[in-house]
Amino acid sequence: MTLTGRCFCGAVEVEVSGAPEAMGYCHCRSCRSWSGGPVNAFSLWKPDAVRIAAGTEHVAMFQKTPLSQRQYCAKCGGHLMTTHPPLRLVDVFAATLPDLDFKPAVHVNYAETVLPMRDGLPKLKDFPREFGGSGETVAE
């Protein structure tokens with residue numbers, strides 16, 4: 001399976017292949033600020049499953065912390081993906097991939113939520129243990 005997404009103006013095209021490693025929602029302050037919304041829907045992919053298919057010259061990057069390299073289109077400011085080098089994963093925003101069959105399985109950083117979501121999914125206080133978090137859940 002190959003899916004294609006584009007930035008806001010269409011100058012940059014992103015392709016993902018195969019299946020994502022995970023999908024869910026992030027509630028951390030950084031993702032909320034970056035996305036401009038109360039929650040960010042993510043899809044995590046192995047780096048070799050993600051490629052810029054067109055418009056590489058327009059891709060810019062901002063790195064606030066060593067955990068995240070946020071990539072966007074320099075022409076329109078449209079968000080594309082966030083590379084997480086320590087995790088060896090790339091978060092291609094679910095909204096960037098219009099044909100993605102988005103099936104969230106978890107909420108991360110739910111201790112920071114500003115939008116409670118009662119959907120029955122596990123709510124992790126921070127990150128799973130395997131990603132350096134506590135793995136603790138919080139009540140819906």
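Scanning all heavy atoms of the two residues, the minimum distance from Pro66 to Gln63 falls at CA-NE2, 3.5 Å. Annotation for Cys76 and Cys9: closest pair SG-N, 3.3 Å, computed over non-hydrogen atoms. Listed here is the closest heavy atom pair of Cys73 and Leu80: N-CD1, 3.9 Å. In terms of heavy atoms, Asn40 sits closest to Ser35 at OD1-CB, 3.7 Å. The two residues Leu97 and Gly5 make their nearest non-hydrogen contact at CD2-N, 3.9 Å.
Among pairs with a residue in residues 105-119, those fulfilling salt bridge (Lys or Arg N to Asp or Glu O under 4.0 Å) read Asp119-Lys123, at least two apart in sequence or across chains. The salt bridge (Lys or Arg N to Asp or Glu O under 4.0 Å) contacts involving residues 59-85 comprise nothing, where partners must be two or more places apart or lie in separate chains. Counting only residues at least two apart or on different chains, the salt bridge (Lys or Arg N to Asp or Glu O under 4.0 Å) pairs with a member in residues 81-107 are Asp101-Lys103. Residue pairs meeting the ring-ring contact (aromatic ring centres under 6.0 Å, His included) criterion with at least one partner in residues 45-67, sequence neighbours excluded, are absent. Each ring-ring contact (aromatic ring centres under 6.0 Å, His included) pair with one or both residues in residues 3-28, not counting sequence neighbours, appears once here: Tyr25-Phe102, Tyr25-His107, His27-His107, His27-Tyr110.
Judged as a side-chain contact (heavy atoms from CB on, under 4.5 Å), and not counting sequence neighbours, the contacts of Arg51 are Glu15, Ala53. Under the rule for a side-chain hydrogen bond (donor to acceptor under 3.5 Å, both in side chains), Glu136 has no partner lying at least two apart in sequence or in another chain. For Phe42, there are no ring pair (Phe, Tyr, Trp, His ring centres under 6.0 Å) partners, not counting sequence neighbours. For Glu13, the salt bridge (charged side-chain N to carboxylate O under 4.0 Å, His left out) partners are Arg6, not counting sequence neighbours. The side-chain contact (heavy atoms from CB on, under 4.5 Å) check on Pro86 picks up Leu67, with sequence neighbours excluded. In this structure Asp126 satisfies the side-chain hydrogen bond (donor to acceptor under 3.5 Å, both in side chains) test together with Ser134, sequence neighbours excluded. Looking at residues two or more places apart in sequence or on another chain, you find no side-chain contact (heavy atoms from CB on, under 4.5 Å) involving Ser33.
By the 4.5 Å heavy-atom criterion applied to side chains, Thr137 and Lys125 are not counted as neighbours. Annotation: side chain of Arg32 is in contact with side chain of Val114 (closest heavy-atom distance under 4.5 Å).
Checking Thr83 against Gln71 by side-chain atom types alone, a donor-acceptor pair falls below 3.5 Å.
Once rounded to the nearest 0.5 Å, the distance linking SG of Cys31 with CG of Asn109 reads 7.5 Å.
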